[in-house]
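Remarks on the structure that follows.
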There are 2 protein chains.
Amino acid sequence: MSAQTLADQIEAHLLQLLAADARVELQRTYLAHMFACAPSQINYVLDTRFTPARGYAVESRRGGGGFIRLVRLPAHAGASLSDLPLCLSQTEAEHMIDRLADGGVCSPDAAAVMRAAVDRQAIGLPLPLRDDVRARLLRAMIEACLRTAALRGEGSA
Amino acid sequence: MSAQTLADQIEAHLLQLLAADARVELQRTYLAHMFACAPSQINYVLDTRFTPARGYAVESRRGGGGFIRLVRLPAHAGASLSDLPLCLSQTEAEHMIDRLADGGVCSPDAAAVMRAAVDRQAIGLPLPLRDDVRARLLRAMIEACLRTAALRGEGSA
DNA sequence: CCTATTATGGTCAAGGAAGGTCAAGAAGCG
DNA sequence: CGCTTCTTGACCTTCCTTGACCATAATAGG
């Protein structure tokens, strides 16, 4: 067990917030001030600890009134995201989408949209590249599904 | 809700007016006074939030008795498949998706999936190509939406 | 009539308020 | 020591807000 680094402390703080709420909104500058560190330290923590593979999603907006939003994804999320390959055939992708729809992770019409997006004609690129792009697209779309699923589960207020 | 900047508040106010009436007429100076801001702030809100791409039209007249008129365009105008360009920026695509969701053409979570798919990082290609692929993807996804909408129960428009 | 005045709204560039990126160095840990 | 993980600071991008200056329409005066 290592000593609590600053990054660990910030992680712990955020986890505590996320334990209460599946969705937390905060300001980078405020947090950096709170822990007396450089603002980019916050990004380091987010990048290394709150990744999709670990079951979290981060959204943010810059400029005046900017914010950082942390979302805790449903439990099965990390698994389904971490073993996504970097390169994916249309058939493989379709099977994954089927499983998501069957598992109720996404609605039937979200699944239909995803199937349309992984279609080879829709991507319209030559083959070494196409499977690459498809993998990135599917990952992003699955993340979106998990995000909305997480927000739904929260008792929409 | 997030930080609610002044621009967000003005937008919310205008949306509220537009919810009651598809056509709203108001005075820039009056509104600026109401929100205690520079008149040009009103233009900023109009230019960034009430664009044709988002389904609004703005007309105005200067001089004595001048006014600003806001019109909410019918949900489908301009968003049809036939005039989908062959090349599409992320922002343009997002606005089109917003309109589809507002018009009830697709569900909120289908819209979330589509937004994820048109994201520049998700596509992950250099720029001349990226906007190209995005246009094809969006077209395919919208077609999928329309198909499932048709299955759900043939609406009028 | 024609012009000056006044009452609107429009444009644009500068400045401020967030967050993002990256690379260099420091600190831990075999 | 050498490798990985932290931490920071300099610089960038995005979004918001304001103010100075411009354009146009109605109207009042000559």
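In the text below, chain A, chain B and the rest are named by the order of the sequence lines, each starting its count at 1. Just so it is clear, the structure is predicted and the values come from calculations on it, not from any experiment.
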key: Distance in angstrom units between A/H33 NE2 and C/dA18 P, rounded   = 13 Å
task = Do nucleotides 24-30 of chain D as a string where each nucleotide becomes B, S or -: B if the base has a protein heavy atom under 4.0 Å, S if just the sugar-phosphate does, - if no protein is that close.
result = BBS----
query = Taking it one step at a time, do A/D8 and A/T5 satisfy side-chain hydrogen bond (donor to acceptor under 3.5 Å, both in side chains)?
reply = CA-CA 5 Å; A/D8 290 336; A/T5 68; 3.3 Å; yes
request  = Between B/A36 and A/A36, name the one whose nearest nucleotide on DNA chain D is closer to the 5' end.
outcome  = A/A36
inquiry  = Side chain of A/Y44 only, heavy atoms from C-beta on: which candidate in D/dC6, C/dG9, C/dG20 is closest?
reply    = D/dC6
inquiry  = So A/L129 and B/L125, do their side chains get closer than 4.5 Å, heavy atoms only?
reply    = yes
query = Can you tell if the side chain of A/F50 reaches within under 4.5 Å of the side chain of A/V45, non-hydrogen atoms only?
reply = yes
ask   = Are A/T29 and C/dG19 close enough that a side-chain N or O sits under 4.0 Å from OP1 or OP2?
value = yes
task = Check the distance between C/dA27's P and A/Q9's CD and give it to me in whole angstrom.
result = 16 Å
query = With respect to the side chain of B/A7, which nucleotide from D/dC16, C/dG9, D/dT8 is positioned closest?
reply = D/dC16
key: Contact check, side chains of A/E11 and A/L14, non-hydrogen atoms, under 4.5 Å   = no
query = Separation of B/N43 atom CG from D/dC16 atom P, in whole Å?
reply = 15 Å
request  = To the nearest Å, give me how far apart CD (A/E59) and C1' (D/dC15) are.
outcome  = 17 Å
key: Check: A/E59 and A/L70 side chains under 4.5 Å, non-hydrogen atoms   = no
key: Student check: side-chain heavy atoms of B/Y56 and B/L18 closer than 4.5 Å   = yes
ask   = What nucleotide among D/dT18, C/dG10, C/dG19 has an atom nearest to a side-chain atom of A/Q27?
value = C/dG19
ask   = Between A/R115 and A/D119, is there a side-chain N and carboxylate O pair less than 4.0 Å apart?
value = no
query = To the nearest Å, how far apart are B/D8 CG and C/dA17 P?
reply = 17 Å
message = By the 4.0 Å heavy-atom rule, please label A/L6 as base, sugar-phosphate, or nothing.
response = sugar-phosphate
task = Using whole Å, report how far CD of B/Q4 lies from C1' of D/dT17.
result = 16 Å
ask   = What heavy-atom pair brings A/R72 and A/D21 nearest, and what distance separates the two atoms?
value = NH2-C, 3.7 Å
task = Just compare D/dT7, C/dT21, D/dT18 and give me whichever is closest to any side-chain atom of A/Q41.
result = D/dT7
note = By nearest-nucleotide position on DNA chain C, the 5'-leaning member of B/Q121 and B/L26 is B/L26
inquiry  = Run the side-chain hydrogen bond (donor to acceptor under 3.5 Å, both in side chains) test on A/S89 and A/E92 for me, step by step, so that the C-alpha distance in whole Å, both residues' side-chain angles and the decisive distance to 0.1 Å come before the verdict.
reply    = CA-CA 5 Å; A/S89 78; A/E92 288 171 316; 3.2 Å; yes
request  = Write down the distance between CG (A/L46) and P (C/dG19), rounded to a whole number of angstrom.
outcome  = 11 Å
inquiry  = Is it true that, when you exclude B/L86 itself, more than 12 heavy atoms of the residues, nucleotides or ligands shown sit nearer than 6.0 Å to its CG?
reply    = no
ask   = In whole angstrom, what separates B/Y30's OH from C/dA7's P?
value = 19 Å
inquiry  = Side chain of A/R28 only, heavy atoms from C-beta on: which candidate in C/dG19, C/dG9, D/dC15 is closest?
reply    = C/dG19
ask   = Across the strands shown, which category fits A/R49 at heavy-atom distances under 4.0 angstrom: base, sugar-phosphate, nothing?
value = sugar-phosphate
Extract from the structure each pairing of a protein N or O with an N or O of nucleotides 23-25 of chain C at less than 3.5 Å, listing the distance.
none

ask   = The side chain of B/S40 lies closest to which of these nucleotides: C/dG19, D/dT5, C/dC12?
value = C/dC12
